[in-house]
Amino acid sequence: MTPANLTVALITDVFPNRDDEQRLLTHLREAKARGAQMAVLPELPLNHWVPVSQVPSDADAEPPFGPRESAMAIAARATGLAVLGGAIVRDQGSGRRHNTAVLFGSTGEELLRYRKIHLPDEEGYWEAHHYQPGEGLTAPVQVEGFGIGVQVCSDANRPQGCNALAAMGAEAILLPRATPAETYPRWRLVLRANAVTSCTYVVSVNRPGTRSGGVIGGPSMVAGPAGDVLLETTDPVATITLEKAVLARARKEYPGYLDVRPKVYERAWRQARSN
């Protein structure tokens, strides 16, 4: 029988130093004790927020399955939780760097890998100086019977991604981010809109201001498939249960039941590109 619920932990904390890894384990164990099956970390959770500067460093990035990824895989295996984390990952062949989200299963295996597509380039968020954009979406995967899709931060501001992930089977879209508190009202609007138009749960975990440095801070949040805000929190550990029945109800109601017609929009995008 397919599970009817999925309990997710939002970990609003970052772990940029080696001695922070014990605190990560402590948070994940607390989440597990609260019934969580999966935990979502903020954007680049084991890095300092390096895009505050325009100057990249070799130490900020690592090869695939490097020390940051390994630490998150070990934490997932040690706690029996699926864990969404990420790192700046350097391609071994080309040397290109990407802001990469990685979903680890409850035994530490890699389930999904996604490269952030839309990169800001402005004061405090000089991301285009630090890594290159990804070139495509990653198909959703199953975690405890739920279809899980992933985007990263600014990707949410191009809603085609969330809609495509939903069409590919996502029931929850995980969206780690690093955003300033003063822009949270706009992010709240965008995340709610993405949830209701894609008819999915959107789970977005932000970096906390107290540990991130720079101008980052503000709540993590969960929006439901009807567009309602189910959780807003700055607590280091918070949990919420996502329900299949809520998804099914939203997809039978307006606008969830509307047809998805990708060929219509494909033609429009082709025409836009040719102009």
For R97, check side chain to side chain contact (heavy atoms under 4.5 Å, CB included) against everything at least two apart and list the hits.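 Per chain and number, R97 pairs via side chain to side chain contact (heavy atoms under 4.5 Å, CB included) with P56, D60, A61, I88, R90, H130, Y131, Q132.
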Under the side chain to side chain contact (heavy atoms under 4.5 Å, CB included) rule, collect the residues that match up with I117, sequence neighbours excluded.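 I117: side chain to side chain contact (heavy atoms under 4.5 Å, CB included) contacts with Y114, L137, D155.
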Closer than 3.5 angstrom, by distance alone: can the side chain of [X] be matched with the main-chain N or O of [Y] as a donor-acceptor pair?
| X | Y | value |
| --- | --- | --- |
| S94 | D91 | no |
| T100 | H98 | yes |
| K32 | G80 | yes |
| E109 | T107 | yes |
| W49 | G124 | yes |
| E62 | E69 | yes |
| S53 | V50 | no |
| R251 | C199 | yes |
| T12 | P208 | no |
| R34 | I240 | no |

What is the distance from atom CD of Q37 to atom CG of L6, rounded to the nearest 0.5 Å?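 Going from CD on Q37 over to CG on L6, the span is 5.0 Å.
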E43 with R177: basic N within carboxylate O range, under 4.0 Å: no
Residues N163, T197; criterion side chain to side chain contact (heavy atoms under 4.5 Å, CB included); working and verdict: CA-CA 7 Å; N163 282 269; T197 57; 3.9 Å; yes
For [X], which fellow cluster members are found when Ile, Leu, Val, Met, Phe, Trp and Tyr are connected by side-chain heavy-atom distances below 4.5 angstrom, either directly or through intermediates?
| X | value |
| --- | --- |
| L189 | none |
| I74 | none |
| V196 | none |
| M72 | I11, F15, L24, L28, L41, L46, L81, V83, V102, F104, V237 |

Smallest separation among heavy atoms of A195 and G224, with atom names: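 Residues A195 and G224, closest heavy atoms: CB-O, 3.3 Å.
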Minimum heavy-atom distance A181-P185, with the two atoms named: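 Looks like O-CD, 4.1 Å.
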side-chain contact (heavy atoms from CB on, under 4.5 Å) partner of M221, chosen from V229, V202, N206: V229
Distance alone, cut at 3.5 Å: any donor-acceptor contact between the side chains of E232 and Y184? yes
